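Only one structure is covered here, and it is reproduced in the block below.
Treat the numbers as computed from the prediction; the structure is a model and nothing was measured.
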Amino acid sequence: SAKDMKHRLGFLLQKSDSCDYSSSQGKKEKLSSSQRLSQEEVRKWADSLENLIHHDRGLAAFRAFLKSEYSEENIEFWVSCEEYKKTKSPAKLSPKARKIYDEFISVQATKEVNLDSCTREKTSHNMLEPTLSCFDEAQRKIFTLMEKDSYRRFLKSPYYLDLVSPPGAGCGPETCKRNHTHSLDCNSNIISQCA
């Protein structure tokens with residue numbers, strides 16, 4: 001949802017502090033290395049769509065990009081399927097499956113994803129007795145669609161390029177010496193790109 005994306009982007013943007021260590025040095029030193037996003041991590045996003053969407057901040061950046069293209073339903077569907085597969089209670093399978101189906105797959109879906117008729121039909125049939133894998137084929141098709149299309153555009157977009165090589169004087173590696181990998185704590189340009 002838009003609220004969820006706003007929350008994720010807010011988290012992403014909180015990490016975009018300047019390189020001025022005078023007043024915030026103590027706070028920054030307390031950040032664990034797992035909370036920092038290094039250039040190396042961002043570069044891995046270009047290796048595969050899987051690397052990108054399995055990283056919280058990568059997913060947030062990709063979502064923001066898709067929203068700018070008015071095609072965020074694809075990633076929302078993929079995320080919904082991932083969450084659905086974690087359903088532990090058999091009693092919750094059917095209502096959760098119905099919600100996903102109604103939102104993304106049915107003819108009157110509010111966020112209809114682009115599926116071929118064969119996959120749509122098979123998924124409709126799976127709804128008769130929903131299992132944890134009832135959306136697998138549809139999810140795979142949408143993943144492939146994103147991989148061949150929007151993911152490639154994302155890698156050429158400011159949403160990615162500004163993260164992989166953040167511009168700005170005073171934010172170069174020489175001013176961020178505490179870490180060998182230049183951290184995205186220094187990137188303030190993403191604010192204008194994702195706002």
Side-chain angles (χ1 to χ4, degrees), residues 1-13 41-42 44-164 190 193-195:
S1 71
K3 190 174 182 181
D4 181 49
M5 188 181 82
K6 191 174 182 181
H7 172 73
R8 286 178 182 267
L9 283 177
F11 176 78
L12 181 69
L13 298 177
E41 287 175 297
V42 174
K44 285 180 186 172
W45 298 351
D47 293 342
S48 71
L49 176 58
E50 206 164 290
N51 284 356
L52 173 68
I53 61 181
H54 282 99
H55 191 285
D56 285 345
R57 293 197 211 160
L59 179 61
F62 189 52
R63 217 178 223 174
F65 169 73
L66 290 177
K67 186 169 183 168
S68 77
E69 291 199 331
Y70 303 99
S71 62
E72 69 266 27
E73 70 279 352
N74 291 328
I75 195 65
E76 287 180 19
F77 172 68
W78 186 88
V79 168
S80 294
C81 290
E82 288 296 292
E83 290 170 2
Y84 174 77
K85 289 184 214 175
K86 296 173 188 167
T87 305
K88 300 227 187 303
S89 166
K92 291 182 179 178
L93 281 180
S94 188
K96 282 185 174 185
R98 177 53 57 192
K99 185 175 189 267
I100 292 171
Y101 182 82
D102 290 344
E103 191 173 0
F104 298 104
I105 297 173
S106 80
V107 180
Q108 295 143 355
T110 53
K111 300 175 183 177
E112 187 178 353
V113 291
N114 187 11
L115 292 171
D116 59 272
S117 59
C118 184
T119 306
R120 193 176 300 276
E121 215 171 284
K122 185 175 180 184
T123 307
S124 295
H125 180 73
N126 291 346
M127 292 305 296
L128 299 173
E129 290 183 43
T131 63
L132 289 177
S133 61
C134 69
F135 294 109
D136 283 1
E137 189 175 335
Q139 185 185 20
R140 209 171 14 260
K141 297 267 181 169
I142 293 303
F143 180 89
T144 303
L145 183 72
M146 290 190 296
E147 189 174 43
K148 289 180 177 176
D149 187 32
S150 47
Y151 171 62
R152 291 178 183 177
R153 287 195 309 278
F154 170 77
L155 294 177
K156 296 174 185 173
S157 77
Y159 289 86
Y160 178 71
L161 296 176
D162 285 355
L163 289 172
V164 79
I190 191 168
Q193 295 299 322
C194 295

Residues at least two apart in sequence or cross-chain that pass salt bridge (charged side-chain N to carboxylate O under 4.0 Å, His left out) with E147, listed by chain then number, are none

Go through the steps to decide whether N114 and K141 satisfy the test side chain to side chain contact (heavy atoms under 4.5 Å, CB included), and finish with yes or no. CA-CA 9 Å; N114 187 11; K141 297 267 181 169; over 6 Å; no

Are E41 and R57 ion-paired here, with the side-chain N under 4.0 Å from a carboxylate O? no

Taking all heavy atoms of A138 and all of T119, pick out the closest pair and write down the distance. CA-CG2, 3.7 Å

Distance from R98 atom CZ to S106 atom OG, nearest 0.5 Å? 8.0 Å

Lys/Arg N to Asp/Glu carboxylate O, K111 vs E103, below 4.0 Å: yes

With Y151, which residues qualify under ring-ring contact (aromatic ring centres under 6.0 Å, His included), at least two apart? none

So how far is it from K99 NZ to K92 NZ, rounded to the nearest 0.5 Å? 13.5 Å

Test: E83 and K86 ion pair at under 4.0 Å: no

Could you go through the side chain to side chain contact (heavy atoms under 4.5 Å, CB included) check for V79 and L59 one step at a time? CA-CA 9 Å; V79 168; L59 179 61; 4.0 Å; yes

Compare every heavy atom of S68 with every heavy atom of Y159, then report the nearest pair and how far apart it is. OH-CB, 3.3 Å

S71/E73 under side chain to side chain contact (heavy atoms under 4.5 Å, CB included): CA gap, chis, key distance, verdict: CA-CA 5 Å; S71 62; E73 70 279 352; 4.1 Å; yes

Roughly how far, to the nearest 0.5 Å, is the CG atom of L132 from the SG atom of C134? 8.0 Å

K85 NZ to L93 CG distance, which is reported to the nearest 0.5 Å: 13.0 Å

Return the minimal non-hydrogen interatomic distance between I142 and N74, and the atom names on each side. CG2-O, 3.6 Å

Filter on ring pair (Phe, Tyr, Trp, His ring centres under 6.0 Å), then keep only pairs touching residues 80-109, sequence neighbours left out; what's left? F77-F104, Y84-F135

All side-chain contact (heavy atoms from CB on, under 4.5 Å) counterparts of S117, not counting sequence neighbours: none

Using the test salt bridge (charged side-chain N to carboxylate O under 4.0 Å, His left out), find all partners of E50 that sit at least two apart in sequence or belong to another chain. none

Hey, is the main chain of I105 close enough, under 3.5 Å, to the side chain of R120 for a donor-acceptor pair? yes

Answer yes or no: does atom CD of E121 have more than 12 heavy-atom neighbours from other residues, nucleotides or ligands under 6.0 Å? no

Kindly give the heavy-atom pair with the smallest separation between L163 and A61, and that separation in Å. CD1-CB, 4.1 Å

Look up atom OG1 in T123 and atom CG in D136, then write down how far apart they are to the nearest 0.5 Å. 9.5 Å

Nearest 0.5 Å please: distance from the CD1 atom of I100 over to the CE atom of M127. 8.0 Å

With sequence neighbours excluded, tell me which residues meet ring-ring contact (aromatic ring centres under 6.0 Å, His included) with F154. F62, F65, Y160

Do H55 and K44 pass the side chain to side chain contact (heavy atoms under 4.5 Å, CB included) test, and can you show the C-alpha distance, the side-chain angles, and the key distance before you say yes or no? CA-CA 10 Å; H55 191 285; K44 285 180 186 172; over 6 Å; no

